[in-house]
Amino acid sequence: MEFLEAKEIQVGIAVAIVAVVATAAYLYTSKKSKVVGSIDPENFKEFKLVKRTQLSHNVAKFRFELPTPTSVLGLPIGQHISCRGKDSQGEEVIKPYTPTTLDTDVGYFELVIKMYPLGRMSHYFRELREGDYMSVRGPKGRFKYQPGEVRAFGMLAGGSGITPMFQVARAILENPKDNTQVHLIYANVTYDDILLKEELEGLEAKYPGRFQVYYVLNQPPEEWTGGVGFVSKEMIQAHCPAPAPDIKILRCGPPPMNKAMAAHLDALGYSAEMQFQF
C-alpha cells in the first residue's frame with residue numbers, strides 16, 4: 001500500500017509539473033504573440049480606413065483597422081511608417097507619417113493629417129474615404145525611445161511636426177514607471193493651425209508638473225498669452241531643460257525651422273549628443 005501511495009504521489013507531482021510547464025509555455029507564447037506587429041519593414045501592407053473625422057477645413061483624423069481587434073501596429077516609440085498613395089496626376093507618392101496612437105491602442109491606428117493645397121500626398125488623403133485601403137510599410141526611423149534614458153526632454157515642434165512629439169510624450173506619460181519630464185514648445189502660424197490641441201491640454205491637465213506646453217504663433221489672435229513670432233533662443237532657455245548630460249532636445253518641423261533651431265541650440269551650448277532631429 002505504501003508503495004502504491006508513493007507511486008500515486010509521484011504521478012501527481014509529474015502531472016502538476018507538466019501542467020505548470022504547459023501553462024508557462026502558453027503564457028509565454030501568448031505574450032509573444034501580442035507583441036507581433038501588423039506592419040512589415042520591407043513590404044507594403046493594406047489597411048482599411050474605417051473612420052474619417054474632419055477636425056478643421058484642412059485637417060482630418062484617419063482611423064485604420066488592424067487585422068484583428070487585438071492586433072497592434074508594432075511601431076517602436078519615436079519611429080514612423082511610410083504611407084503610399086497617388087497624387088492628382090496619378091503618380092505614386094510615398095511619405096512618412098507618425099501615428100498618434102500607441103501599441104496600447106489595439107485593433108486600430110490613427111493618423112492626424114494636415115492637407116496642404118499643393119501637397120502630393122495631401123491630395124491622396126483628401127480623396128480617401130471610409131472603406132478605402134491604404135498601403136503602409138514600416139517601422140522606419142533612427143529614434144528608439146527607452147524609458148528613463150534621460151531626465152527630461154525638450155521638444156521643439158512646428159506644424160505637423162507635432163505628431164512624433166505627441167507619440168513620444170504620450171508613451172512617457174502613460175508609463176507609470178517612467179518619470180521623465182517633457183517640455184514642449186509648439187510653433188504655428190495661426191491659432192487654427194494648432195494640431196492635437198485638445199489632446200495636448202488633456203495631457204497637461206492629467207500630468208501636471210511632468211508635461212508643459214508653450215505655444216508660439218506667428219499671427220496670434222487678440223489677448224494671446226503665448227509666444228509671438230518665431231521660436232527664439234530666449235524661449236528655449238525659458239521653456240526647455242538647460243544643457244546637461246541627462247537631457248535631450250528633439251526637434252521636428254519645416255526645414256527652415258529645423259535649421260534655425262539647430263543654430264539656437266548650438267549657440268545655447270547643447271552638444272550634438274543632446275540633440276535629435278526627426
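- When side chains are defined from C-beta on, Leu200 counts as touching Tyr186, because their heavy atoms get closer than 4.5 Å.
- Scanning all heavy atoms of the two residues, the minimum distance from Gln54 to Ala60 falls at OE1-CB, 3.6 Å.
- Both the sub-6.0 Å distance and the 45° axial angle are satisfied by Lys197 relative to the ring of Tyr215.
- If you take CG on Leu203 and CZ on Arg210, they are separated by 10.5 Å, rounding to the nearest 0.5 Å.
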Evaluation steps, side chain to side chain contact (heavy atoms under 4.5 Å, CB included), between Met257 and Val231: CA-CA 8 Å; Met257 179 183 177; Val231 177; 4.2 Å; yes

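- Taken to the nearest 0.5 Å, the CZ atom of Arg129 stands 9.5 Å off from the CG atom of Leu49.
- Shown here for Gly159 and Leu195, the closest heavy-atom pair between the two residues is O-CD1, 4.2 Å.
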Verdict with supporting geometry, Asp132 and Tyr124, side chain to side chain donor-acceptor pair (under 3.5 Å): CA-CA 11 Å; Asp132 291 343; Tyr124 171 76; over 6 Å; no

Val50 vs Tyr108, side chain to side chain contact (heavy atoms under 4.5 Å, CB included): CA-CA, chis, key distance, verdict: CA-CA 9 Å; Val50 292; Tyr108 68 94; 5.8 Å; no

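- Taking NZ of Lys114 as the reference point, atom NE2 of His57 lies at 7.5 Å (rounded to 0.5 Å).
- In this view, Thr100 and Glu110, Val112, Thr163, Phe166, Leu196 satisfy the side chain to side chain contact (heavy atoms under 4.5 Å, CB included) rule, not counting sequence neighbours.
- Between Pro241 and Tyr270, the shortest heavy-atom distance links the atoms O-OH, 2.6 Å.
- When side chains are defined from C-beta on, Tyr207 counts as touching Glu174, because their heavy atoms get closer than 4.5 Å.
- Distance check: Leu250 CG to His183 NE2 gives 12.0 Å after rounding to the nearest 0.5 Å.
- A donor atom on one side chain and an acceptor atom on the other are found under 3.5 Å apart for Gln277 and Arg251.
- Taking the six-membered ring for Trp, Phe153 and Phe211 have ring centres at least 6.0 Å apart.
- Using a 4.5 Å cut-off on side-chain heavy atoms (C-beta onward), Arg84 and Glu92 make contact.
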Residues Phe125, Tyr116; criterion ring pair (Phe, Tyr, Trp, His ring centres under 6.0 Å); working and verdict: CA-CA 10 Å; Phe125 276 106; Tyr116 298 91; over 10 Å; no

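- Using a 4.5 Å heavy-atom threshold, the side chains of Val150 and Ile247 count as separate.
- In this view, Lys206 satisfies the side chain to side chain contact (heavy atoms under 4.5 Å, CB included) rule with no residue, not counting sequence neighbours.
- The two residues Cys240 and Leu156 have their closest heavy-atom pair at SG-CD2, 4.0 Å.
- The hydrophobic clustering, which links ILVMFWY residues whose side-chain heavy atoms are closer than 4.5 Å, places Leu75 and Phe62 together.
- Note: Phe276 and Phe278 have perpendicular aromatic rings, judged against thresholds of 30 and 60 degrees for the angle between ring planes.
- Smallest separation of non-hydrogen atoms from Leu73 and Pro99: CD2-CG, 3.8 Å.
- Applying the side chain to side chain contact (heavy atoms under 4.5 Å, CB included) test to Asp192 and every residue at least two apart in sequence or in another chain returns Thr190.
- The shortest side-chain heavy-atom distance between Phe143 and Gln79 does not fall under the 4.5 Å cut-off.
- Pairing each heavy atom of Gln146 with each of Glu149, the nearest pair is N-OE1, 2.8 Å.
- In this structure the side chain of Lys95 never reaches within 4.5 angstrom of the side chain of Cys83, judged on heavy atoms.
- Atom CD of Glu198 has 12 or fewer neighbouring heavy atoms from other residues, nucleotides or ligands inside a 6.0 Å radius.
- A 4.5 Å side-chain heavy-atom check between Arg170 and Thr104 finds at least one atom pair inside the cut-off.
- The backbone N or O of Gly227 lies less than 3.5 Å from a partner atom in the side chain of Tyr214, making a donor-acceptor pair.
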Stepwise side chain to side chain contact (heavy atoms under 4.5 Å, CB included) test for Gln275 and Lys248: CA-CA 6 Å; Gln275 302 180 42; Lys248 192 176 285 286; over 6 Å; no

Verdict with supporting geometry, Val182 and Gln212, side chain to side chain contact (heavy atoms under 4.5 Å, CB included): CA-CA 7 Å; Val182 181; Gln212 295 88 35; over 6 Å; no

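- Taking the centre of each ring, Tyr133 and Phe47 stay at or above the 6.0 Å mark.
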